[in-house]
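By convention in this document, chain letters (A, B, ...) are assigned in the order of the sequence lines, proteins followed by strands, and residues within each chain are numbered from 1. Nothing here was measured: the structure is a model prediction, and the numbers come from that model.
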There are 2 protein chains.
Amino acid sequence: MKSEIPPNTVARLSLYRRLLEAWLEKGTTHLYSHEIASMACVTPAQVRRDLMAIGYSGSPSRGYSVDALEDSIGRFLGSDTVRKIALVGMGNLGRALATYFVSRAPRFRMTAAFDNDPRKTGRVIAGCMVHPVEAIPGIIPAEGIRTAVLALPPESAQEMADTLVKAGVKGILNFAPVPLRLPGDVFLENRDVTASLEKVAFFSGQPREGN
Amino acid sequence: MKSEIPPNTVARLSLYRRLLEAWLEKGTTHLYSHEIASMACVTPAQVRRDLMAIGYSGSPSRGYSVDALEDSIGRFLGSDTVRKIALVGMGNLGRALATYFVSRAPRFRMTAAFDNDPRKTGRVIAGCMVHPVEAIPGIIPAEGIRTAVLALPPESAQEMADTLVKAGVKGILNFAPVPLRLPGDVFLENRDVTASLEKVAFFSGQPREGN
DNA sequence: GCCTGTGAAGCTATTCACAGCT
DNA sequence: AGCTGTGAATAGCTTCACAGGC
């Protein structure tokens, strides 16, 4: 095989799609790459490359068909099928994420949530049924869940990640502030909020050249 | 000027530092690059490059002094001085972030929080005094705040970002799921959670080669 | 003229590989 | 022998710039 999709392209496609939906509702039928680029705050060349990656072609005279492109991105990302997600950790961050996903990312289904606190398990919190972590090996394969979000304290993150991978998870979005050691066939995205803030704080101090 | 620090290096330094602190408490005095690398789940060469960037040198025989390195990173990141942060948006995510920072990132001070909901303003929530957004132009310059975290719905994110920049903010950590158009001298880090989840879900489906 | 699609160039980030030190 | 520091190589991502089409 030759062609790989750059991860950043996937993230941008997600954004393009949301922008296109807004235009669809307004009845706009066609957009040029520079118009999409402007809304997404990227360069027009970037937009064309990204669309090239999913094999979608526009017309030089009219640009891209909003309707067909939205559909094309949707099928590429797989959002026409239900994508089941597991959430592990129902602390402050976990609850906020659950609420966020339910209201803002309806294309994902938060199929199951897990926590080790018995005061939380067995209840529905933020729209998600919370199970004890011991139920992971049973529920994940039974539901065919392949994607998990970790919102855990650093102490238990690695252990839960191992449990998830053993149960068949192939992609983890990790909010715990520790690195995870995972097999190479599991996709990992780290969102260490402390490190992000450190980065921003650092460059807020440094003077930067404008563009 | 010639040398620029790679943003990713800054994020990793934040991680190294936290790892070193744990070893300091255990009384370990020296570590080799491959030991730090193993804990951080990166390559030894990456660690040496990162430390080279801050001008810290180890010894081929003993490795890096945990104590001196921790200190060196701290001074480089500026964490010996108080770094004031403003948080804008006290919804579910904002509250979770505030709680998280107060307990897990004590080197940052959440100096002020802002929200436009009158039921929230004037109170202390998650350890932060919440002000109305109209107070931004007064408080930000008075406190000398240069860094802000945005946890807002997409509709108001751009407007609040503009207000913050006008008030002197030079770095924004954006959790709103929209791109922000900002002057080139303002550092921007986007943490669009929907896009992150989309990326992970996409690659959870695709088979990937191991390492 | 102004657009798309895309080879080539340019940047940035990471890893290799080895000289030099102890 | 096994480490660090680093030039050189590689990989990955973004932008340039232009051929080709309406």
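- Judged by distance alone, the side chains of B:Ser79 and B:Arg17 do bring a donor and an acceptor atom under 3.5 Å apart.
- For the OP1/OP2 pair of D:dG5 and a distance below 4.0 Å, the side-chain nitrogens and oxygens of B:Tyr32 include no atom meeting the criterion.
- Here A:Arg49 contributes atom CZ and A:Arg12 contributes atom CZ; the two are 11.5 Å apart, rounded to the nearest 0.5 Å.
- Between A:Tyr56 and A:Tyr64, the two ring planes are tilted [angle within 30° to 60°].
- Rounded to an integer number of Å, the gap from NE2 of B:His34 to C1' of D:dA1 is 13 Å.
- Taking the ring axis of A:Phe175 as reference, the NZ or CZ atom of A:Arg191 does not stay both within 45° of it and closer than 6.0 Å to the ring centre.
- The distance between atom OH of B:Tyr56 and atom P of D:dG5, rounded to the nearest whole Å, is 9 Å.
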Could you write nucleotides 8-22 of chain D as a row of B, S and -, 5' to 3', where a protein heavy atom under 4.0 Å of any base atom gives B, of only sugar-phosphate atoms gives S, and otherwise -? B----SSB-B----S
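- Closest approach of B:Leu87 and B:Met90 over heavy atoms only: CD2-CE, 3.7 Å.
- Between the side chains of A:Ser14 and A:Arg18, at least one donor-acceptor pair of N or O atoms lies under 3.5 Å.
- Distance B:Ile36 CD1 to D:dT4 C1': 12 Å, rounded to the nearest Å.
- C:dC3 atom C1' lies 16 Å from atom CE of A:Met52, rounded to whole Å.
- B:Leu69 has its CG atom 10 Å from the P atom of D:dG5, to the nearest Å.
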